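All heavy atoms count here, side chains included; hydrogens, waters and symmetry mates do not. Naming: A, B, ... by sequence-line order, numbering from 1 per chain. Since the structure is predicted, the reported quantities are computational estimates derived from the model, not experimental observations.
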Number of protein chains: 2
Amino acid sequence: MLSSASKYAINAVLYLAVESSEDKKIGAKEVAEAIGVPTPFLAKLLQNLAKKNVISSLKGPKGGFFLSEENKSLKLISVVEHIDGLSKFEECVLGLKNCSNDKPCPIHFSVQPFKNTMFDELSNNTIEAFAVKVRNGETFLHY
Amino acid sequence: MLSSASKYAINAVLYLAVESSEDKKIGAKEVAEAIGVPTPFLAKLLQNLAKKNVISSLKGPKGGFFLSEENKSLKLISVVEHIDGLSKFEECVLGLKNCSNDKPCPIHFSVQPFKNTMFDELSNNTIEAFAVKVRNGETFLHY
DNA sequence: ATATTTTAAGACCTTTTTATCTTTTATTAA
DNA sequence: TTAATAAAAGATAAAAAGGTCTTAAAATAT
């Protein structure tokens, strides 16, 4: 559904949203171990997201990754957007060029609702909104 | 969403369901050109599906691929099942090991019902059922 | 029987994704 | 100002996905 890269990144960003702050930056290694994904690979992803201002980082001692208030107010879809791009949500599930409600592909109506719902959920809700539910114990991260 | 392999295969199988019969077998090349996908790659996929009895084939002159009545009565999900497997539909969208209604991941309740719907649509409807809609002009294949 | 047609099988190549390692640069605390 | 720390950058590598090509085998028509 999503690439491993996007899954790891969503997990990591929500972990940072819950656990980090300007005063409590967290290293890539700690995040990776907490959510159970390969450290160097996640580090690359976090660097990428930082460069694109989806998350924040600071070098040096007491440095690490964290989410600013601005970062937290971004929609969760921006994580996927900067890693996989949005083509997955834009294109026909069968890869047909001219698939639409007018000229639907054979599985258009079976699959389109799923695709749209998922996209809307990620597009309409902020990182912070997802983090709140984790803090409340309504939803859960990692394992 | 789906691998290119699965997309090509679904397209090809539905093309065969609409265009082929025991009396009118169709070569891999013709199918590939009709649906606009790479010929040798599609040939591999068709051979695979034939070996697993999802579609039928016959060598020699007047040979080619076709769907028997038995093939047409299979559910469309069997195409995906024999090419990608079903893990995509079984696993948590965020890749979490213990994601369930009890311990939902942050996007579980927004995405899970639709993922299930998509799976059910492909699992409950036969290849022939999808082909009928193409024949009726309700849905469209290739471009 | 033989030539022809077309799938079957498998070797091979390319690109993308996933993953790792090493070196450099920035920051901070002492 | 120096040592320690941690991200940034980049080189490298393994694995998977996507794609191609060649040869063998089977079926058919003549």
Could you give the [atom1]-to-[atom2] distance, from [X] to [N], as a whole number of Å?
X: A:Leu45; N: D:dA7; atom1: CG; atom2: P; answer: 14 Å
X: B:Leu46; N: D:dG19; atom1: CG; atom2: P; answer: 14 Å
X: B:Lys52; N: C:dT7; atom1: NZ; atom2: C1'; answer: 17 Å
X: B:Asn48; N: D:dG18; atom1: CG; atom2: C1'; answer: 14 Å
X: A:Lys25; N: D:dA8; atom1: NZ; atom2: P; answer: 13 Å
X: B:Leu2; N: D:dG18; atom1: CG; atom2: C1'; answer: 16 Å
X: A:Glu33; N: C:dA19; atom1: CD; atom2: C1'; answer: 16 Å
X: A:Phe41; N: C:dT17; atom1: CZ; atom2: C1'; answer: 7 Å

If you pin B:Lys51 and B:Pro61 to their nearest nucleotides in DNA chain C, which one's is more 5'?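 First, find each residue's nearest nucleotide; the 5'-ward one identifies B:Pro61.
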On DNA chain C, nearest-nucleotide positions of A:Lys62 versus A:Ser4: which is more 5'?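 Mapping each residue to its closest nucleotide by heavy atoms, the 5'-most match is A:Ser4.
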Pair listing, salt bridge (charged side-chain N to carboxylate O under 4.0 Å, His left out) test, anchored in residues 9-24 of chain B, at least two apart: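 For residues 9-24 of chain B: B:Glu19-B:Lys24.
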Would you be so kind as to tabulate the donor-acceptor pairs closer than 3.5 Å made by side chains of residues 127-135 of chain B, with sequence neighbours excluded?
unit_1	atom_1	unit_2	atom_2	d
B:Glu128	OE1	B:Arg135	NH2	3.4
B:Glu128	OE2	B:Arg135	NH1	3.2
B:Arg135	NH2	B:Ala17	O	3.1

Checking all strands, does [X] fall into the base, sugar-phosphate, or nothing category for heavy-atom contacts under 4.0 angstrom?
X: A:Ala43; result: nothing
X: A:Pro40; result: base
X: B:Ile26; result: sugar-phosphate
X: B:Ser3; result: sugar-phosphate

Start with the C-alpha gap between B:Val79 and B:Val54, add the side-chain angles, then the distance that decides, and say whether side chain to side chain contact (heavy atoms under 4.5 Å, CB included) holds. CA-CA 7 Å; B:Val79 176; B:Val54 177; 4.1 Å; yes
Per the end-axis method with five pairs at each terminus, what is the bend angle of the helix from C:dA1-D:dT30 to C:dA30-D:dT1, to 10°?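 End-to-end axis angle: 0°.
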Does OP1 or OP2 of D:dG18 have a side-chain N or O of B:Tyr8 closer than 4.0 Å?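 Looking at the OP1 and OP2 atoms of D:dG18, neither is under 4.0 Å from any side-chain N or O of B:Tyr8.
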Taking only the side-chain nitrogens and oxygens of B:Ser57, find out if one of them lies under 4.0 Å from OP1 or OP2 of C:dA8.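 For C:dA8, OP1 or OP2 has a side-chain N or O of B:Ser57 closer than 4.0 Å.
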Give the nucleotide from the list [options] with an atom nearest to the side chain of [X].
X: B:Lys59; options: D:dA9, D:dA27, C:dT25; value: D:dA27
X: B:Pro38; options: D:dA9, D:dG18, D:dT20; value: D:dT20
X: A:Leu58; options: D:dT20, C:dT18, C:dT28; value: C:dT28

Partners meeting side chain to side chain contact (heavy atoms under 4.5 Å, CB included) with A:Val111 (sequence neighbours left out):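 With sequence neighbours excluded, A:Val111 shows a side chain to side chain contact (heavy atoms under 4.5 Å, CB included) to A:Val93, A:Ile107, B:Met118, given in chain and number order.
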For B:Ser57, enumerate each residue passing the side chain to side chain contact (heavy atoms under 4.5 Å, CB included) test, keeping only those at least two apart in sequence or located in another chain.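 Scan of B:Ser57 (side chain to side chain contact (heavy atoms under 4.5 Å, CB included), adjacent residues dropped) gives B:Ala50, B:Phe65.
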Ring pair (Phe, Tyr, Trp, His ring centres under 6.0 Å) with A:Phe119: which residues, sequence neighbours excluded?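 Listed in chain order: A:Phe89.
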Quick one: do A:Ser123 and A:Asp120 satisfy side-chain hydrogen bond (donor to acceptor under 3.5 Å, both in side chains)? Show the steps, please. CA-CA 5 Å; A:Ser123 300; A:Asp120 290 348; 5.4 Å; no
Would you kindly check whether a donor in the side chain of A:Lys44 faces an acceptor in the base of D:dG10, or vice versa, at under 3.5 angstrom?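 Result: at least one qualifying N/O pair found.
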Trace of the side chain to side chain contact (heavy atoms under 4.5 Å, CB included) decision for A:Lys29 with A:Glu33: CA-CA 6 Å; A:Lys29 192 180 170 197; A:Glu33 284 169 1; 3.2 Å; yes
